[in-house]
Amino acid sequence: MTMQKLTPTAVSLCLASALFLAPAMAQDEQPTPKLKMPLQAADVFALEYANDVQISPDGRHIAYVRNSFDIMTDGTRKALWVINTSTGQHTPLFADQHSYGNPTWSPDGKRLAFTSNRSGRNQIHVFWVEEQRVAPVTEVAHSPSQMAWSRDGEQLAFMMSVEEPKSDFAKSVHTPSKPEKAKWGKTPLIVERTLYQRDGRGVVKSAYNQVFVVPSHGGSARQITDGPFQHRGPLVWAEDDQRIVFSGNRTKDWEYQTRESDLWAVTLADNSLEQLTDLPGDEYSASLSPNGEQLAFLHGDNAPVPYRNATLHRLNMESGALSEVKTDLDRSLEQPLWIDNQRLTVQYTDRGLTKVAEVNLNGEMKDRVSSLGGTYVSRPYTSGMYSVAPATGAVAYTHASAYDLANVAVNVDGATHQYTDLNSDVLGYRELGEVREITYESSFDGTEIQGWYILPPSYEAGKSYPTIVEIHGGPHASYGPVFGIEHQRYAAEGYVVLYVNYRGSTSYGKEFANLLDGFYSSERDFADHMSGLDKLIDMGITDANNLYIAGGSAGGIATAYAVGLTDRFNAAAATNPVINWVSKTLTADSSVGQIQNQFPAMPWEDLAHYWKRSPLSLVGNVKTPTLLFTGELDRRTPMAETEQFYQALQLRNVDTVMVRVPDAYHGVTAKPSRIVAKVEHALAWFKRYHKE
């Protein structure tokens, strides 16, 4: 094991421009622009945001990953920074050509583990805070993840993918050896698994996440679980550091059980396993109380419906007794973390705001923070994360607003401090569109719909503007009053942008999220969007002669379905849509879970239902000029879906264009240049059909 002294690089020095201990910006407060310059397409390359914000157990330091974009490589730089919470001093640990992630504090706060490719392959490294030294502690074949320190600080647990041996069939296939210097085609791939593909990775090998341990000062990593099963973190050390708790489904048919997992404990001495829970559905996201007596975890039932809330439960580690921590909150909970033996923090999203709340074992809750977000750059999705310091109860989190991406902030003793201001050098000199909230009743059934609209920076009261309805994906996701460069870029070009949380969206309760059960997409969510558009027209804000519609994934489906129901839109832009639910469910990586929980039967058993929900069933009605934008490697809504709609519209002589993004999966805007490309193609398409 080698150790080296840290030396700040030139890159580090250039990045050291954060604002220390600045007061947190109010959620609806817009920064006063210093220059009246609209947001430009290339500005995306100048944006930064914080993520993986981890406060040390004693609350003295915050480590976080500082994300920025590289205009030369079209990638994301991930640097590792540390903040002293007492002084506000903001220090780069590593800001160079390598990538850093997963900062994880030791129990005493004196060491920081993280992953990085700085030693060639992605490995776990440890940084000694006082000594200012760093060393790699693993030398493993694949990327480690889900790190967890033992309670005595002597070991690190992590997860890593391990390939299974070849099947009997694969071993039995014998082909002749190719002659020396011969150039044959690539070896055929043998696919035998049910879940054989994954968006972002393509066809995957038969490899499974397993639990490993390694000495925290470096050494040989030891695998302590095995088998072709689904294992996932977070990993939790038991009080005596002799067992590690994880979530998994270890049944033979787990690939068909998309909503089943239990908590397990593996014993380090002999790798023996003990099943700790057996509730119907998923048990996951475990967290151990400081005294080691109680294990908090989340549970989601296995009802075959599109959406269910995750609820908080606890397990007595000695007796094995299970109980629910019952709250009055009709929202899905995330990431339970203990403050002390009687209180936890949880994350949840409510009406487009992502919050952290404190909850005691009686289920009594009080909000601590209501401005998490800003870790999704392109569109205003609810997002964000937090961590907690048990010694002080401080909550560190990604703070966002309608006018900025994630910064580092801390809430402690009722006061909030924002420690960074990563984009003031860019967004402080841009005139952004004002974000306003809107609520209204859907014309379908009177359901209340909440949303937001962005005014052009040059907005003049009493004047109407061309308007884009932009629809979020999911559909079990949500937008919020947070910054998204796509929406602000549309506004900069003179459009009002309407984005709403239509029925099916999360953060409004279980019933609202399931209002699209059996009706996705349909006249129901269509009415939710059109009612908002009509309200803006009635308010005199929207020019009824210049209406446009756009959306991605579920929003792309809704866009394609909408143009089959109306010709009110001048033009449409559908990104990675589903066009034919039969072909989609039988070719996409989400096939099993989607069929089980979204549809009443297999495609061949209820073809009429699949066809009714497919935009292709309405293609004979389409008159709206439609742009289609999809990644060629998309395995969630495969490229063939886009091709079906394009060719059908071409056969009907409807104006249409297909934009194919090479080497892009479903996350088609994963690279900054593709965020630009998506918006600029849509703007050019909409401009073509503008009416004076």
Side-chain angles (χ1 to χ4, degrees), residues 26-30 33 38-39 351-353 379-380 401-403 431-472 478-484 486-505 507-508 512 523-551 555 558-559 562-563 565-573 624 682-683 686-687 689-692:
Q27 182 73 13
D28 58 353
E29 179 184 346
Q30 181 179 3
L39 192 69
R351 296 185 63 83
L353 295 177
R379 291 191 277 168
S401 78
Y403 307 101
E431 188 177 4
L432 301 178
E434 181 185 352
V435 179
R436 296 181 178 178
E437 184 178 345
I438 185 172
T439 57
Y440 55 89
E441 292 185 355
S442 172
S443 63
F444 178 76
D445 58 3
T447 295
E448 183 188 72
I449 304 298
Q450 181 196 28
W452 296 266
Y453 60 96
I454 306 176
L455 298 171
S458 57
Y459 173 74
E460 298 176 21
K463 182 179 177 181
S464 60
Y465 291 81
T467 297
I468 300 171
V469 178
E470 205 286 329
I471 307 173
H472 72 64
S478 56
Y479 275 157
V482 291
F483 179 84
E486 290 186 25
H487 290 56
Q488 284 286 353
R489 180 75 187 106
Y490 289 137
E493 292 299 316
Y495 292 90
V496 171
V497 184
L498 174 67
Y499 62 99
V500 308
N501 285 333
Y502 55 99
R503 69 189 64 215
S505 300
S507 80
Y508 300 87
F512 186 90
E523 293 80 359
R524 301 183 180 201
D525 50 319
F526 172 74
D528 296 348
H529 292 105
M530 299 307 292
S531 299
L533 191 59
D534 288 337
K535 181 166 183 176
L536 289 182
I537 293 172
D538 292 342
M539 293 166 64
I541 293 173
T542 288
D543 175 5
N545 292 316
N546 283 291
L547 306 179
Y548 306 88
I549 188 170
T559 298
V563 296
L565 295 174
T566 185
D567 58 3
R568 289 180 62 186
F569 294 104
N570 298 35
T624 306
L683 284 170
F686 294 163
K687 184 176 181 180
Y689 299 98
H690 180 78
K691 298 175 183 177
E692 296 297 334

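Numbering starts at 1 and runs along the sequence shown.
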Can you give me the closest heavy-atom contact between [X] and [Y], atom names plus distance?
| X | Y | result |
| --- | --- | --- |
| G352 | Q450 | N-OE1, 4.3 Å |
| R351 | T439 | NH2-CG2, 4.1 Å |
| L353 | P481 | CD2-CG, 3.7 Å |
| Y465 | G494 | CD2-O, 3.8 Å |
| E448 | F512 | O-CE1, 3.7 Å |
| M530 | F569 | SD-CZ, 3.5 Å |

Could you tell me if the side chain of [Y] sits less than 4.5 Å from the side chain of [X], heavy atoms only?
| X | Y | result |
| --- | --- | --- |
| D534 | Y440 | no |
| L536 | I438 | yes |
| V496 | P456 | yes |
| Y508 | R503 | no |

Between [X] (side chain only) and [Y] (backbone N and O only), is there a donor and an acceptor less than 3.5 Å apart?
| X | Y | result |
| --- | --- | --- |
| N570 | Y548 | no |
| Y502 | H472 | yes |
| N546 | K691 | yes |

E470 and R379 ion-paired at < 4.0 Å: yes
Of L533, V497, I549, the residue whose pairing with T467 passes side-chain contact (heavy atoms from CB on, under 4.5 Å): L533
Residues S478 and S505: side-chain donor-acceptor under 3.5 angstrom: no
Aromatic ring pairing F686/Y490, orientation class (parallel under 30°, perpendicular over 60°, tilted between): tilted
Passing candidate, ring-ring contact (aromatic ring centres under 6.0 Å, His included) with H487, options Y453, Y403, Y479: Y479
